[in-house]
Amino acid sequence: MLEKTFDPKEVEPRLYEAWEASGAFKPGDHPDADPFCIVIPPPNVTGSLHMGHALNNTLQDILVRYERMRGKDVLWQTGMDHAGIATQMVVERQLEEDGGNMSRRDMGREAFIERAWQWKEESGGTIFNQLRRLGASCDWSRERFTMDEGLSKAVLKVFVSLYREGLIYKDKRLVNWDPKLQTAISDLEVVSRETAGHLWHFKYPIEGEESRFITVATTRPETMLGDTGVAVHPDDDRYKDLVGKHAVLPIVGRKLPIVADDYADPEQGTGAVKITPAHDFNDFEVGRRQGLEMVNIFDAQAHTNENVPEAWRGIERFEARKKVVAEMERLGLLAAVEDHAHQVPYGDRSGDVVEPWLTDQWYVDAKTLAQPALEAVRRGETVFVPRNWEKTYFEWLENIQPWCVSRQLWWGHQIPAWYAEDGEVFVAETAEEALAQAEKHFGRKVNLQRDEDVLDTWFSSALWPFSTLGWPDETPELKRFYKTDVLVTGFDIIFFWVARMMMMGLHFMNEVPFHTVYIHALVRDEKGQKMSKSKGNIVNPLELMDEFGADALRFTLAAMAAQGRDIKLAKSRIEGYRNFGTKLWNATRFCEMNECAIDANFDPSKLEGTVNKWIVGETARAVAAVSAGVEGYRFNEAAGAAYRFVWNIFCDWFLEFSKPALTGGDDKAKQETRATAAWVRDQALRLLHPFMPFITEELWARSERRENMLIVESWPAPDVALFDKAAHEEMEWVIELISEIRSVRSEMNVPAASKVPLLIKGADDAVRRRLEMHESLIEVLARVSSITETAAIPEKAVQIVLGDVLAILPLADVIDLDQECVRLEKELGKTQGEIKKIDGKLSNAQFLSKAPEHVIEEQRARRSEAEALAAKLEDALNRLKGAA
RNA sequence: GGGCGGUUAGCUCAGCUGGGAGAGCAUUCGGUUUACACCCGAAAGGUCGCAGGUUCGAGCCCUGCACCGCCCACCA
């Protein structure tokens, strides 16, 4: 016998272990089946399960379990990302906390990397255990890591071949330099935040013209130490005569050519702009155009270097800012200071202000790789769901900049480039190969020094869909599962990851990596705020699972995953879906108590009872709705359809209607009802399994003697033939009638049926006689009783329904039907326009004559149906009124 | 500045191709019916942001406006 509620804590770990041990998560050996593959967005090795992961993986697991049940050969490829910067930061912080005086640089590269690996083995990947708690059915036997041997091989091969194709190159350009981490970062890793700052106006003296100045404005005064020019607009009359002359840079004394350049905006600031080519992206371009000198004034930590006057060296940049301003003021060259709010670039990991800095870095020619990636989506080879993200994707790829892929870190894939003493570079997959190349080049053996830098983490992630399947080896998995089916991810990594997988997949596999990209929402807190540690508004999915169980969390996320909208997670919602699980549990318990069991000879298409015919039809409809929802990535629709079917149809009506048959004396009806209930119960468990795998699996095991676990059972076929129109209409009628009666009863404050023991237990003559006086009610009761498979009138049989009906009898006269009729008459007697004013619901009537034929028909039918029902009820009540 | 999305019941949100305004929670009323109080029944609560337009008919389509949010690019 089932307990009254489900205990997730006991069940979840036990079932997960059983699933995993059974091998159900692995692709099977059924070569005839269609393959279905999802690659997991690899969580960071440093990660811990947050709500975004919970949503992301719930949706993937729903798809994976669904397709598995549909008989596909399913691979959910899992793995982890080495997360270069994040991991290096964690390990460095740990070194600090260890109290050791040993910094990263003290211990040296090799020891540090070893330490990082050690950390990875010990505490990396706790997130995988958390995914297990969520019920994620990934194939753990194929778990990969972006720095494992195979994937490293793929990275090397990709780097080398892109280099040989000229799609990877080394260049000296301005990069976003993170002075705290002391590495270059890509454009995407820079986030700009509005910051309250100042705009300082500096006067630069004009060479050879006493007391004449050109005034420039800047938000970063310290960069003036690296100024090499001043630009004005060619058409700006104020400065025309100065073009070609020189200003003298205060403090430094450098002569600055005054150049005419369109970049200078006469409307902006003073119309004259200082040019610092080595520390500003725009100035870099101007400097290049105008042939200005580039003076780099910072070292890697953004302290001033030897290119500034001796007294100004070795100063931290913000300190330098203050000193520059003070000095300019002292010199009388500070013309004005304005408050100025502006966007300041920060490193997304370090939180430090990023400095544009001139360095040598490796770049991927993203523009070239982007073209096929654009084409593929334009041609529909890969489709975004929802579709509107394609625009974002196009926008970015069309304006893509070279991708800086080198990082001055230690944790990552070391760049496979070796340098000879003269700087000549040899790119190869191994040191031996590089040496061989060098020997050929120089005609003798030489020593080579490997590039110190590592690759951007996203470089290896970009290869994920094929590298995890075994590429560059031609493995059977690669052949079978590439291209993969759907990528499920958040919009925040469309650029970082999705676009780059498209580029790399197309380039190296000649095929898109997935046919569909499902972009889901961001999970926010109840107030709609983005969850973040600093705000302290993080909702921890693990705590929610502790409290409500994994199924409740999963179902909530699925039910709220409407396309194109952020999810604001309300706890009450999770509680509601936990209750839904309990409802399912108790429905199964009801079946158990009433000895509902699977009948081997059961044929849902050959049933006698109206209620039974009806519920199998409803089941088929639910199956169709849930299937359509999942296949259209409308998870909320799917979850909603399953919810409504189980609770509002199966439990609220079917189980109630089945009671008479289940407890009555008609053995044939009883048997059919039992078998039907068991069949529907099993269909419901199948339907819900992708959403709520634990509770359904548990109920599956405990409700019958089974051969298989539910996870490998098949998805129910939506058999439309099971829909019996007559039974459907009959039940709709009854349900509507009963609802109406209940409502009336409640409004009139009639005590519930159970309070009229005579009527319920009775079936005595007095009741019978009263009923006979009212034909309409007898008709109702006859129909109800036939539907509920019982012999004629009362008995306990139609208890519920009967109770509702009979309870009205004594108080029917309270209803003011006359008034109701008058209202109707009035409405029908008025013109259409007036009716519209009275009641918008009737507005359809006014155009009956003009509407298309099928619409008219529809409306007429609906209307007459409603009128008939109303008339029946009113008639019954009128007779009762007369009798009372 | 460019782009995307949002504005529906007190709260959190559904509403897919235009045709009955919905769910969960909260509220109120009633309930000791042998599945379930994590339950059952009922009720109340909405000018679907505002203003126009198209249509027989608009929460949904079009135009404009207001407010909120996000992304991208930025003006020294």
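Predicted model, so just to flag it, every value in this text is computed and none were measured. These values consider heavy atoms only, across backbone and side chains, with no hydrogens, waters or symmetry-generated copies. Chain naming here is simple, since letters A, B, ... match the order of the sequence lines and numbering starts at 1 in each.
The main-chain N or O of A/Ile695 is found under 3.5 Å from a side-chain atom of A/Asp551 such that the two form a donor-acceptor pair.
Between A/Asn648 and B/rA23 there is no side-chain polar atom (N or O) within less than 4.0 angstrom of OP1 or OP2. The phosphate of B/rC74 (OP1 or OP2) has no side-chain N or O of A/Asn282 nearer than 4.0 angstrom. Of the side-chain N and O atoms in A/His201, none sit less than 4.0 angstrom from OP1 or OP2 of B/rA76.
Using a 4.0 Å cut-off between charged side-chain N and carboxylate O, A/Glu547 and A/Lys571 make a salt bridge. Salt bridge present: A/Arg681 and A/Glu704 bring a charged side-chain N and a carboxylate O closer than 4.0 Å. Between A/Glu592 and A/Arg589 no salt bridge is recorded (no basic side-chain N to carboxylate O distance below 4.0 Å). Between A/Lys9 and A/Asp7, none of the side-chain N atoms (NZ, or NE/NH1/NH2) sits under 4.0 Å from a carboxylate O, so this pair counts as no salt bridge. Using a cutoff of 4.0 Å between basic side-chain nitrogens and carboxylate oxygens, A/Asp280 and A/Arg220 are scored as salt-bridged.
Within the nucleic acid shown, A/Lys583 comes within 4.0 Å of at least one base atom, counting heavy atoms only. Here A/Gln343 lies in heavy-atom contact (under 4.0 Å) with a base. As judged by a 4.0 angstrom heavy-atom cut-off over every strand, A/Ala264 is placed among the base-contacting residues. Residue contacts for A/Phe580: at a heavy-atom cut-off of 4.0 Å it reaches no nucleic acid atom on any strand shown.
Nucleotides B/rC67 and B/rU28 have their P atoms positioned 38 Å apart, rounded to a whole Å. Spacing of C1' atoms, B/rA73 relative to B/rG2, comes out at 7 Å, to the nearest Å. Taking atom C1' in both B/rG57 and B/rA21, one finds a spacing of 15 Å when rounded to whole Å. Rounded to whole Å, the P atom of B/rA14 lies 12 Å from the corresponding atom of B/rA9. When the C1' atom is compared between B/rC68 and B/rC50, the two are found 15 Å apart, to the nearest whole Å. One P atom belongs to B/rC48, the other to B/rC60, and the distance between them is 10 Å to the nearest Å. Nucleotides B/rC29 and B/rA44, compared at atom P, are 15 Å apart to the nearest Å. Rounded to whole Å, the P atom of B/rG3 lies 13 Å from the corresponding atom of B/rC65.
Checking B/rC75, B/rC72, B/rC38 against every side-chain atom of A/Arg578, the shortest atom distance belongs to B/rC38. Across B/rU12, B/rC75, B/rA76, the shortest atom-to-atom separation from the side chain of A/Met560 is found for B/rU12. The nucleotide whose nearest atom lies closest to any side-chain atom of A/Lys659 is, among B/rC38, B/rC74, B/rA35, B/rA35. Comparing B/rC71, B/rA76, B/rC38 by their nearest atom to the side chain of A/Phe495 picks out B/rC71. Side-chain atoms of A/Thr219 lie closest to B/rA76 of the nucleotides B/rA76, B/rA37, B/rG41. The side chain of A/Thr218 has B/rA76 as its nearest neighbour among B/rG15, B/rA35, B/rA76. Taking the side chain of A/Arg573 as heavy atoms from C-beta on, and the options B/rU12, B/rC71, B/rA35, the nearest nucleotide is B/rU12.
Nucleotide B/rC74 holds its P atom 13 Å from the CZ atom of A/Arg220, rounded to whole Å. Following rounding to the nearest Å, A/Phe491 (CZ) and B/rC4 (C1') show an atom-to-atom distance of 10 Å. For A/Trp585 and B/rC38, the CH2 to C1' distance is 14 Å, given to the nearest whole Å. If you take CD of A/Glu194 and C1' of B/rC72, they are 16 Å apart, rounded to a whole angstrom. Taking atom CG of A/Leu557 as the reference point, atom P of B/rU12 lies 18 Å away to the nearest angstrom. In this structure, A/Arg634 places its CZ atom 21 Å from P of B/rC13, rounding to the nearest Å. Put simply, CH2 on A/Trp647 is 8 Å from C1' on B/rC39, counting in whole angstrom units. The distance from atom CG of A/Asn388 to atom P of B/rG5 is 5 Å, rounded to the nearest whole Å.
Relative ring orientation between A/Tyr643 and A/Tyr577 is described as perpendicular, the plane-to-plane angle rising above 60° on a 0-90° scale split at 30° and 60°.
Side-chain atoms of A/Ser572 and base atoms of B/rC25 include no donor and acceptor less than 3.5 Å apart. Between the side chain of A/Lys391 and the base of B/rC4, no donor-acceptor pair of N or O atoms lies under 3.5 Å.
Taking the centre and axis of the six-membered ring of A/Tyr346, the NZ or CZ atom of A/Arg193 falls inside the cone set by 45° and 6.0 Å.
Remark: B/rG22 base-pairs with B/rC13. Criterion, Watson-Crick or G-U wobble with two distances under 3.5 Å. Across the strands present, B/rC39 finds its partner in B/rG31; the criterion is a Watson-Crick or G-U wobble pair with both atom distances under 3.5 angstrom. Base pairing of B/rC70 is made with B/rG3, judged by Watson-Crick or G-U wobble geometry with both donor-acceptor distances under 3.5 Å. Summarising the base pairing, B/rG59 is matched to no nucleotide, lacking a Watson-Crick or G-U wobble pair whose two defining distances lie under 3.5 Å. B/rG49 is paired with B/rC65 under the criterion used here, namely a Watson-Crick or G-U wobble arrangement in which both key atom distances are under 3.5 Å.
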